[in-house]
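Before any comments, here is the structure.
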Amino acid sequence: MKKVIATTAAPGAIGPYSQAIDTGSFVYASGQIPINPATGEIPEGITEQTRQSLENVKAILAEAGLTMDNVVKTTVFLSDMANFAPMNEVYAAAFNAPYPARSAVAVRTLPKDVLVEIEVIALR
């Protein structure tokens with residue numbers, strides 16, 4: 001089973017991909033950049049960008065009937081590893097223990113020149 005998850009409460013895909021795919025056991029959410037779905041705007045700074053990216057993740061999970069507590073793995077892409085500490089503060093507040101497994105990597109650039117992108121895998 002492969003079901004597309006789509007919601008207008010998160011930014012629409014800007015390419016040939018789905019916001020998320022539900023396999024029945026897992027939901028694989030595409031990386032979320034900090035676009036406010038209501039306004040199309042991107043907030044300033046790593047703290048607000050991380051917060052918006054996580055809100056977008058929450059909206060996609062909600063469409064699938066899940067919460068952040070269902071997340072088992074995340075990948076955080078940062079345009080600058082100097083932003084790790086402030087990103088981590090916002091990230092920590094979005095999850096409850098036991099925290100999901102996580103990778104955090106610095107990349108050269110991200111779509112729309114944002115500072116952060118976050119993707120998740122959630123267990124149903």
Side-chain angles (χ1 to χ4, degrees):
M1 178 180 121
K2 181 174 153 181
K3 176 184 172 190
V4 172
I5 303 297
T7 177
T8 58
I14 55 174
Y17 61 89
S18 300
Q19 286 177 320
I21 295 291
D22 186 342
T23 65
S25 297
F26 289 95
V27 172
Y28 297 85
S30 294
Q32 293 301 301
I33 61 174
I35 297 174
N36 180 315
T39 66
E41 294 180 8
I42 297 170
E44 300 263 335
I46 188 64
T47 299
E48 289 306 313
Q49 286 196 17
T50 301
R51 189 170 286 114
Q52 183 63 60
S53 292
L54 289 166
E55 287 300 316
N56 295 343
V57 166
K58 286 179 190 176
I60 290 168
L61 292 173
E63 184 68 21
L66 303 175
T67 71
M68 296 297 264
D69 288 335
N70 294 95
V71 175
V72 295
K73 171 71 169 79
T74 68
T75 305
V76 178
F77 302 95
L78 294 165
S79 64
D80 185 342
M81 199 51 83
N83 287 327
F84 181 86
M87 174 281 297
N88 201 46
E89 285 184 37
V90 176
Y91 177 98
F95 293 97
N96 298 309
Y99 297 105
R102 179 179 77 186
S103 300
V105 296
V107 295
R108 186 173 207 162
T109 58
L110 289 165
K112 300 192 177 282
D113 292 320
V114 299
L115 304 174
V116 63
E117 179 174 353
I118 302 171
E119 68 178 24
V120 305
I121 300 170
L123 178 63
R124 190 163 281 296

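- Side chain of Gln19 to main chain of Pro11: a donor-acceptor pair is present (N/O by atom type, distance under 3.5 Å, no hydrogens or angles).
- Residues Glu48 and Pro34 have side chains not in contact (no heavy-atom distance under 4.5 Å, counting atoms from C-beta outward).
- Residues Thr74 and Tyr99 form no side-chain contact, since every pair of their non-hydrogen atoms from C-beta on lies 4.5 Å or further apart.
- To the nearest 0.5 Å, atoms CD1 (Ile21) and NZ (Lys3) are separated by 11.0 Å.
- Nearest approach of Leu78 to Phe84, heavy atoms of both residues: CD1-CA, 3.9 Å.
- Using a 4.5 Å cut-off between side-chain heavy atoms of Ile, Leu, Val, Met, Phe, Trp and Tyr, with links allowed through other members, Leu66 and Phe26 fall into different hydrophobic clusters.
- One finds the CG atom of Asp80 at 13.0 Å from the OG1 atom of Thr109 (value rounded to the nearest 0.5 Å).
- Minimum heavy-atom separation, Val105 to Met81: C-CE, 3.8 Å.
- Residues passing the salt bridge (Lys or Arg N to Asp or Glu O under 4.0 Å) test with Glu41: none are found, sequence neighbours excluded.
- Annotation: salt bridge (Lys or Arg N to Asp or Glu O under 4.0 Å) contacts of Arg124 (sequence neighbours excluded): Asp22.
- Atom CG of Leu123 is separated from atom NZ of Lys73 by 15.0 Å, given to the nearest 0.5 angstrom.
- For the atom pair NZ (Lys112) and CD1 (Ile42), the distance works out to 6.0 Å, reported to the nearest 0.5 Å.
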N/O donor to acceptor pairs below 3.5 angstrom from side-chain atoms of residues 53-64, sequence neighbours left out:
residue	atom	partner	partner atom	Å
Ser53	OG	Gln32	O	3.2
Ser53	OG	Gln49	O	3.1
Glu55	OE2	Lys58	NZ	3.3
Asn56	OD1	Gln52	NE2	2.9
Asn56	ND2	Ile33	O	2.9
Asn56	ND2	Ile35	O	3.1
Asn56	ND2	Gln52	O	3.4

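- Under the 4.5 Å side-chain heavy-atom criterion for ILVMFWY residues, no single connected hydrophobic cluster contains both Ile121 and Phe77.
- With contacts defined as side-chain heavy-atom distances shorter than 4.5 Å, the pair Val116/Ile46 qualifies.
- Panel note: side chain Thr75, backbone Ser103; no donor-acceptor pair is recorded below 3.5 Å.
- In terms of hydrophobic clustering, with Ile, Leu, Val, Met, Phe, Trp and Tyr side chains grouped at heavy-atom distances under 4.5 Å, Val90 and Met68 are assigned to a common cluster.
- The OG1 atom of Thr50 lies 7.5 Å from the CG atom of Asn83; values are rounded to the nearest 0.5 Å.
- The distance from the CD atom of Glu119 to the OH atom of Tyr28 is 11.5 Å, given to the nearest 0.5 Å.
- For the pair Arg102 and Tyr91, the cation sits on the ring face: its NZ or CZ lies under 6.0 Å from the ring centre, inside 45° of the axis.
- Side-chain heavy atoms closer than 4.5 Å link hydrophobic residues (I, L, V, M, F, W, Y) into clusters, and following such links, even through other members, never connects Ile5 to Val120.
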